[in-house]
Amino acid sequence: MAEYILETRGITKHFPGVLANDNVEIKIRQGEIHSIIGENGAGKTTLMNIIYGLIRPDRGEIFYRGKKVEISSPSIAIRLGIGMVHQHFMLVPPFTAWENIILGKEVIKNGVLDKDSVCSELKRLMDSYGLSVPLEERVEDLSVGIRQKVELIKLLYRGAELLILDEPTALLVPQEIEELFEILDNLKKQGKTVIFISHKLKEVLRISDRITVMRRGKVVGELEREEANEETLARLMIGKTLESPQLEVYERGEEVLRLEGISLPPKLRNINLSLYKGEILGLAGIEGNGQKELLEIITGLLRPEKGRIFYKNREVQHLDPKSLRELGIGFIPEDRQTTGLILDFTVAENIILGRHDKEPYSIRGKLNLPTIKKTAVDIVKDYDIRASSVDKHVRFLSGGNQQKVILGREFYFEPEVLIASQPTRGLDIGATEMIHNLLLSARRRGMAILLYSSDLDEIMTLSDRVAVIYNGEIVGILSPREIDEATLGLYMTGVRKD
Amino acid sequence: MIGGILSLELLISALRMSVPLTFASLGGVFSERGGVVNIALEGIMLVGAFGAVVGTYFTNNPWIGLLTAMSFGFLIALIHAVVSISFRINQIISGTALNIMATGLTTFLSRLIFKAAGSSPHIEGMVQWRFPGTNWQISPLIVIMFAVIIISQIVIFKTRYGLRLRACGENPYAADSLGVNVIKMRYSGVLISGVLGGLGGAFLSLEHARVFVEGMTTGRGFIALAGMIFGRWTPLGSFSACFLFGLAEALRMRLEGFGIPTQFIQMIPYIVTMCVLVGVVGRAVAPAYDGIPFEK
C-alpha cells in the first residue's frame with residue numbers, strides 16, 4: 001500500500017493567462033531521490049508549492065502514505081512530515097542559525113526560549129546526518145552553501161520524512177554541489193525521501209533514482225535512472241531534439257571596433273583588440289580578471305585612464321552610453337534584473353528604453369503610446385516572449401523571457417556591434433538554445449559580437465576567435481577550432497601566454 | 001545659572017517628560033518589529049489623553065480613566081490594523097488619516113461632552129505612590145512604565161512570541177512557510193502599540209495637565225517614533241532615547257523666563273529630535289519588511 005509516500009492525481013492550477021499545472025500525476029516512492037525536471041515555467045515550482053500547502057490547486061487530490069490529505073497550509077504539510085527548501089531561501093537574515101531553525105517550533109522553559117536544550121538537540125541532529133552549521137552565527141553572515149544546510153536542518157528538526165528541494169544547486173559553486181549530494185545520499189540512507197527539482201541534467205543523472213519530466217504544466221515522462229540519459233531527458237523537456245549550433249565558415253568582414261592601448265590600472269593594462277563585421281569574438285577569463293571593467297569601458301559606463309577606442313575609425317572613448325547606443329553599439333548587460341531591465345516597468349516600456357525620447361516613440365516630449373505598443377507587440381511575437389500582454393511588468397516574466405526582452409530591444413535597432421555579457425547565465429536549456437540561435441543569426445547578418453561568458457562550452461561553440469584575459473591583459477587570441485578547453489584553461493590561469 | 005538648570009529636579013522632570021514618549025515608543029517597537037509602521041501613534045496618544053479624562057470625569061476614578069485610554073488607543077490601532085494588514089493599504093496613508101481623524105474626533109467629542117471649546121474641566125489626577133518609610137512620591141504610571149520596559153525587552157528578545165513577531169517584520173514569507181500566522185502576529189503588534197500609545201496619552205492628560213486640551217499631544221507621537229528609531233527598535237534603547245528627548249523638554253521648561261523668546265525655546269525638543277535623526281540614526285537598520293504589506 002505505502003510503496004508510494006506521495007502521490008498526486010489530477011492536480012490542475014490556473015494562473016491568470018497560464019495553465020501552470022494540467023492534470024499532474026506524480027508518484028514518489030518511499031526512500032528514493034526523485035528528480036522532477038523541466039524548463040523554467042514548466043510548472044515544477046507550482047506543483048511543489050501545492051504539495052507544501054502554499055498554493056491551493058483548482059482541482060486534484062494528494063495522497064500521502066496512501067491516505068488522501070488536504071494540505072491547505074504549510075503547517076499541515078509540516079505536520080504530515082513534508083518539508084521544503086525553497087529556491088529563494090526562506091530565512092530571516094538577522095536571526096542566528098538556531099533561531100531560524102526553531103522558528104515556529106520553539107522549545108520553551110519558564111516562558112522564555114530554552115536555547116541550551118535546543119542547541120544540544122540540534123547538535124545531536126547535525127551529528128546524525130553529518131551536517132554542521134555554526135548555530136550561534138547570524139544567517140546574514142553565512143555563505144549560501146551553509147544557509148542551505150540551515151534550511152535542511154530546519155526540515156529535519158521538524159521531523160520531515162519527505163524533503164522537497166527546489167533548484168537547490170542554482171546558487172552553489174561546484175564543491176558545494178558535491179557536498180550537497182553527499183548529504184542527500186546520506187539522508188537517503190537514513191530512510192528519508194527527497195524530491196529534487198532541477199533543470200540541470202548532469203546533476204539529475206548523478207543523484208536520482210527516478211526522474212519525472214514536466215513540460216508546459218504536464219507530466220511528459222517518468223523514467224528510472226537506468227533508462228535515462230541526457231539526450232532523452234532533453235528531448236522530453238523541450239519537446240524536440242537539441243541541435244548543437246553549427247558555425248558557418250567565417251569570413252572576416254571589415255573592422256568595426258578597435259581598442260588601442262586601453263588601460264585602467266590596476267584592472268586593465270594595455271588592451272589592444274579588434275572586432276570585425278560578422279564575427280563572434282569570445283572573451284574568456286576567470287571572474288575578476290578585468291573583463292567586467294573592459295566591457296564597461298567599451299559601453300561607456302567607465303572611462304579608461306589611457307587608450308583610445310575607434311568605432312568605424314571614429315574616436316568614441318569619451319562618449320556616454322546613450323551616444324554609443326545611438327551610434328550603433330548594443331549592450332546585453334551581465335545582470336539583466338538590475339542593469340538590463342526596470343522590473344516594475346512593463347514589457348513595452350522596457351523595450352523602448354533608451355529610445356524613449358526619440359521619434360517615433362516620443363513626439364514633442366509626449367510618449368506615442370500606440371507606436372510603442374505596436375513595436376512591443378512585434379518584438380514579443382518575433383522573439384516568442386511568453387507574456388500575457390506587453391503591459392505586463394517584466395518582473396513577472398521568467399528569466400529566459402526577461403532576457404529575450406533585452407535581446408529584442410537591442411536587436412530591433414540593428415546595432416552594428418553587440419556587447420553581450422553572460423547572455424545565458426541562469427537560463428534553462430531551451431532559452432539558452434534560443435539565445436544562441438539569435439546571436440548566430442545576428443552574426444550571419446553581419447553584426448560584430450563581443451561575447452563574454454563564464455560558460456566555456458558556450459565560448460567554444462559560438463566564437464570565431466577567443467580572446468583570453470588574465471590579470472588585466474589579453475594573454476592570447478585563439479581559434480576554438482584549433483584548441484581544446486584544457487588549453488584555454490591554461491591561458492585563463494596565466495600559465496600560458498602568447 | 002547652569003547650576004540652577006542642571007539638578008536632580010531637572011532629571012526628575014526629564015523622567016516625567018519622557019513617560020508619554022516612552023510608552024508610545026514601546027508601542028512603536030511592537031508594531032514595527034512585526035512589520036507595520038504605525039505613525040498613527042500621534043492620534044492614538046491623543047485619543048488616549050482624551051479617553052483618560054473622559055473616564056475619570058464620569059467615574060472620578062483615574063484607574064477607570066486609564067482603562068478608557070487604553071481601550072480608545074486599542075480601537076484606533078484596530079482600525080489601523082484592519083486597513084493596513086487585512087486590506088494592505090499603504091501604512092503611512094492609513095496612519096495619516098487616523099491622525100487627522102483623531103484630532104477631529106477628540107475635538108468634536110470634547111466639545112460635545114464638556115460643553116466648552118478648547119479644553120475639558122480639571123480632573124482629579126492619580127494618587128501618587130509613596131516609597132515606604134520616606135516622603136518620596138512617585139506616579140504609579142512611572143512604575144508601570146519601568147515594568148513595561150523590562151517586560152517588553154524580555155518578551156521581544158527571549159520569548160516565542162517575540163521571535164515570531166520579529167520574524168514577521170524581518171521576513172514574513174519565512175515565518176509563513178514555517179506555519180507562523182503572520183496576519184495574527186502583525187495584528188497583535190499593532191494592537192499592543194494601541195494600548196501602550198493610549199497609556200502614553202493618558203499620562204499627558206492625567207498626570208501632566210490634569211485636563212484635556214485639544215491637540216495636546218503636539219507631535220509627541222512622532223517624537224516617540226524618532227526615539228524608537230534612535231533606540232534601534234529595542235525597548236531599552238527606546239527608553240534611553242525618550243529620556244534624552246524628555247531632558248530636552250525639561251530643559252525647555254526651565255529656560256522659559258530667562259529672557260530668550262519662548263518660540264525659540266519651545267523649538268528645543270523638536271530640534272533635538274531632528275539632530276538625533278540626522279546625526280545618529282543614519283546607521284540604524286529597520287526590520288527588513290517594516291512597512292511592507294504581507295501578501296501570499
Side-chain angles (χ1 to χ4, degrees), chain A residues 48-56 71-80 82-116 118 138-140 147 150-151 153-155 157-160 164 166, chain B residues 29 32-36 90 147-148 150-186 188-189 229 231-237 283-296:
Chain A
M48 292 307 120
N49 283 339
I50 288 172
I51 292 172
Y52 190 57
L54 284 168
I55 303 177
R56 299 305 314 272
I71 305 177
S72 53
S73 77
S75 26
I76 294 178
I78 293 167
R79 219 171 300 141
L80 288 171
I82 302 173
M84 177 159 171
V85 177
H86 299 263
Q87 194 173 357
H88 306 284
F89 295 157
M90 292 284 193
L91 293 169
V92 182
F95 281 16
T96 60
W98 72 267
E99 283 175 324
N100 266 290
I101 292 166
I102 66 160
L103 178 64
K105 189 181 182 243
E106 301 86 353
V107 179
I108 301 296
K109 190 172 152 196
N110 300 331
V112 299
L113 300 173
D114 190 356
K115 184 184 155 190
D116 293 340
V118 160
R138 288 166 175 241
V139 160
E140 60 197 357
R147 286 184 200 197
V150 173
E151 287 275 28
I153 298 169
K154 221 161 91 177
L155 304 188
Y157 172 70
R158 285 170 172 70
I164 303 170
D166 190 4
Chain B
V29 171
E32 300 213 354
R33 279 286 181 177
V36 181
N90 183 304
V148 173
I150 293 164
I151 293 171
S152 304
Q153 185 78 22
I154 293 171
V155 164
I156 287 185
F157 293 107
K158 299 279 175 207
T159 66
R160 168 191 298 173
Y161 172 81
L163 188 74
R164 293 184 174 189
L165 183 72
R166 283 184 290 133
C168 292
E170 293 288 353
N171 187 351
Y173 296 95
D176 182 52
S177 78
L178 295 173
V180 173
N181 187 333
V182 176
I183 303 292
K184 208 168 87 187
M185 294 309 293
R186 287 192 161 186
S188 75
I229 296 171
R232 290 166 190 256
W233 288 266
T234 66
L236 285 176
R283 285 174 303 242
V285 182
Y289 277 79
D290 195 8
I292 302 171
F294 172 71
E295 205 166 353
K296 276 205 184 188

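These numbers were taken from a predicted model, which means no experiment stands behind them. The figures here come from the full heavy-atom set of this structure, side chains too, leaving out hydrogens, waters and symmetry mates.
Note on A:Ser73, A:Pro94, A:Gly111: by heavy-atom pairs under 4.5 Å with chain B, the leading option is A:Pro94. Most heavy-atom pairs under 4.5 Å with chain A: of the set B:Gly179, B:Ala167, B:Ala175, B:Pro287, this distinction falls to B:Ala167.
Proximity to chain B (any heavy atom under 4.5 Å) is shown, for A:Arg79, by neither the backbone nor the side chain. Only the backbone of A:Asn100 comes within contact range of chain B, with at least one heavy atom under 4.5 Å from a heavy atom of that chain. In this structure, the portion of A:Leu91 lying under 4.5 Å from any heavy atom of chain B is its backbone and not its side chain. For A:His88, no part lies near chain B; criterion is any non-hydrogen pair under 4.5 Å. Heavy atoms closer than 4.5 Å to chain A are found in both the backbone and the side chain of B:Asp176.
The shortest non-hydrogen separation linking B:Glu170 to A:Val92 is CB-CG1, 3.3 Å. Scanning all heavy atoms of the two residues, the minimum distance from B:Arg160 to A:Ile108 falls at NH2-CG1, 3.2 Å. The two residues A:Pro74 and B:Ser177 make their nearest non-hydrogen contact at CB-O, 3.5 Å.
Taking NZ of B:Lys158 as the reference point, atom CG of A:Asn110 lies at 13.5 Å (rounded to 0.5 Å). Rounding to the nearest 0.5 Å gives a distance of 12.0 Å between CG of B:Leu178 and NZ of A:Lys105. Taken to the nearest 0.5 Å, the CZ atom of B:Phe157 stands 10.0 Å off from the CD atom of A:Glu99.
Using a distance-only test at 3.5 Å, with no hydrogens or angles considered, a donor-acceptor pair links the side chain of B:Arg164 to the main chain of A:Gly104.
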task = List the steps and the verdict of side-chain contact (heavy atoms from CB on, under 4.5 Å) for A:Phe95 and B:Leu163.
result = CA-CA 9 Å; A:Phe95 281 16; B:Leu163 188 74; 3.6 Å; yes

